[in-house]
Amino acid sequence: MTITQLYDELSACYGNLDKWWPARDPYEVMVGAILTQNTAWTNVRQALENFEGDLSPQRILDLPLEELKLLIKPAGFFNQKAVYLKELTTWFAKYDFDVQQVARIPLDELRQELLAVKGVGPETADSILLYAFGLPSFVIDAYTMRICGRIPVEIGSNYKSAKKAFENSLPLDATLFNHYHALIVTHAKRHCLKKPNCSGCPVRKHCVSASI
DNA sequence: CGCCAGGGCCATA
DNA sequence: TATGGCCATGGC
């Protein structure tokens, strides 16, 4: 199955999932992208709620490290994530916490800058580029690899090859990338992970194996 | 009770 | 460059 065909199947099943990343503003997306690393979103939500609506970049910079750890504790890995949030926010400060300034940087260059921040790996970088800054950088995650392995859709076995496969198969459109990744995660949670043997799965007929 | 979630860092070979 | 150990909480 091709990447385009998979999109059509999932899109037909789940419709439009726009505004799927829950956040009040771009900075909250950035924070959420760090907090959700290998962590369930229910935990992330509890951590975000601890800020009680006051989640400004300046506050994260001003907050003593130990207090920040306490606030994000429900999200797990709080010792490292507190440092990561400081690092990412310090990077953001170079652009006056201004998304418009950031979005003017060439995409490849911007991605390299993000990857240079401690705590920001490929998926986190792409999530920030796409969901915080609205730039067309396709997000690969564990769900993407597993679903494509099952059907199969040929995307290679690592992050770089998978990202390239998606971006070369689709128009370079942030709205499309946003929607596609949302579809993959939604589908994974609703079927590929939850239902044994893919029972009731809309694309079940395409899957070669349910044990991936 | 054990498993694992929308990863990434670091040490090792 | 490619693995493997480690990080930590809450839901189930």
Side-chain angles (χ1 to χ4, degrees), chain A residues 6-7 10 14 17-23 26-51 65-91 111-135 137-150 153 155-164 166 174 176-196 210-212:
Chain A
L6 176 61
Y7 178 81
L10 293 176
Y14 303 108
L17 302 172
D18 207 19
K19 292 229 168 187
W20 159 81
W21 188 297
Y27 182 67
E28 190 172 305
V29 175
M30 298 169 70
V31 173
I34 295 290
L35 295 182
T36 197
Q37 290 171 356
N38 202 39
T39 300
W41 190 260
T42 54
N43 294 45
V44 177
R45 188 174 56 248
Q46 292 176 50
L48 290 174
E49 283 172 354
N50 283 342
F51 289 90
L65 187 60
E66 295 307 314
E67 291 185 27
L68 180 57
K69 288 181 182 177
L70 217 51
L71 286 175
I72 67 171
K73 189 168 183 174
F77 302 130
F78 52 84
N79 286 307
Q80 20 182 331
K81 286 178 179 175
V83 174
Y84 295 168
L85 287 178
K86 290 277 193 181
E87 299 269 344
L88 179 60
T89 307
T90 298
W91 170 82
R111 187 169 191 271
Q112 290 309 312
E113 282 200 27
L114 285 170
L115 289 174
V117 175
K118 178 171 302 191
V120 178
E123 180 179 344
T124 305
D126 290 329
S127 295
I128 291 171
L129 289 167
L130 184 59
Y131 289 103
F133 301 149
L135 300 174
S137 195
F138 202 91
V139 179
I140 303 296
D141 59 10
Y143 293 157
T144 311
M145 304 306 288
R146 289 169 66 174
I147 289 174
C148 289
R150 266 190 196 198
V153 177
I155 59 172
S157 57
N158 57 59
Y159 195 101
K160 187 187 292 186
S161 67
K163 179 179 175 63
K164 188 182 301 180
F166 277 91
L176 172 63
F177 288 5
N178 180 324
H179 188 205
Y180 202 158
H181 181 248
L183 286 170
I184 287 172
V185 176
T186 299
H187 177 67
K189 289 185 171 177
R190 208 171 301 184
H191 290 283
C192 281
L193 299 183
K194 299 298 181 185
K195 309 290 180 67
S211 60
I212 298 173

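Letters go in sequence order (proteins before strands), and every chain restarts at 1.
Looking only at side-chain heavy atoms (C-beta outward), A:S137 and A:R111 come within less than 4.5 Å of each other. Counting heavy atoms from C-beta outward, A:L17 and A:L183 have side chains that approach closer than 4.5 Å. Contact check for A:T124 versus A:Y84: no side-chain heavy atoms found under the 4.5 Å cut-off. Side-chain contact between A:D141 and A:S127 is absent, with no heavy atoms from C-beta onward closer than 4.5 Å.
With hydrogens and angles disregarded, a donor-acceptor distance shorter than 3.5 Å links the side chain of A:Y159 to the backbone of A:I140. Using modelled atom types, no side-chain atom of A:D126 and backbone atom of A:V139 make a donor-acceptor pair closer than 3.5 Å. Using modelled atom types, no side-chain atom of A:T36 and backbone atom of A:G32 make a donor-acceptor pair closer than 3.5 Å. Side-chain atoms of A:Y131 come within 3.5 Å of backbone N or O of A:N178 as a donor-acceptor pair. For the pair A:K81 (side chain) and A:A75 (backbone), a donor-acceptor distance under 3.5 Å is present. For the pair A:K73 (side chain) and A:F78 (backbone), a donor-acceptor distance under 3.5 Å is absent.
Nearer the 5' end of DNA chain B, as judged by each residue's closest nucleotide, is the contact made by A:V185, out of A:L115 and A:V185. Take the nearest nucleotide of DNA chain B for A:G119 and for A:Y131: the residue whose nucleotide is more 5' is A:Y131.
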Contacts under 3.5 Å, N or O only, protein and nucleotides 10-13 of chain B:
from	atom 1	to	atom 2	distance (Å)
B:dC10	OP1	A:K118	NZ	3.3

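A:Y84 has its OH atom 9 Å from the C1' atom of B:dG7, to the nearest Å. Counting to the nearest Å, the P atom of B:dG7 and the CG atom of A:L88 are 17 Å from each other. Distance CD (A:E123) to P (B:dG7): 5 Å, rounded to an integer number of Å. Per the geometry, CG belonging to A:L114 stands 15 Å off C1' belonging to B:dG7, to the nearest Å. Summarising the geometry, the separation between CZ on A:R45 and P on B:dA5 is reported as 18 Å, rounded to the nearest angstrom. When rounded to the nearest whole Å, the span between CD of A:Q46 and P of B:dA5 equals 18 Å. Distance, A:R146 CZ to B:dA5 C1': 10 Å, rounded to whole Å.
For the P atoms, the distance linking C:dG10 with B:dG8 amounts to 22 Å, nearest Å.
Taking the centre of each ring, A:F166 and A:H181 stay at or above the 6.0 Å mark.
A:I128 approaches A:A33 most closely through the heavy-atom pair CG1-CB, 3.9 Å. For the residue pair A:M30 and A:A132, the shortest heavy atom distance occurs at CG-CB, 4.0 Å.
Using bins of under 30°, 30° to 60° and over 60° for the plane-to-plane angle, the ring pair A:F177/A:F138 lands in the perpendicular bin.
Listed in residue order, the members of residues 70-79 of chain A having a heavy atom less than 4.0 Å from DNA chain C are A:K73, A:P74, A:G76, A:F77, A:F78, A:N79. Of all the residues in residues 26-44 of chain A, A:N38, A:T42, A:N43 reach under 4.0 Å from DNA chain C with at least one non-hydrogen atom.
A:R150 CZ to A:M145 CE: the interatomic distance, rounded to the nearest 0.5 Å, is 14.5 Å.
Listed by chain and residue number, A:L130, A:P136 satisfy the side chain to side chain contact (heavy atoms under 4.5 Å, CB included) test with A:A174 (two or more places apart in sequence, or in another chain).
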Pairing annotation in dot-bracket form, given for DNA chain C with Watson-Crick or G-U pairs under 3.5 Å and | for cross-strand partners:
|||||||.||||

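Taking every nucleotide of DNA chain C with any atom under 4.0 Å from a non-hydrogen atom of chain A, the first and last of them, 5' to 3', are C:dC7 to C:dG11.
Contact annotation for A:V139: no contact, since no heavy-atom pair falls under 4.0 Å across all strands.
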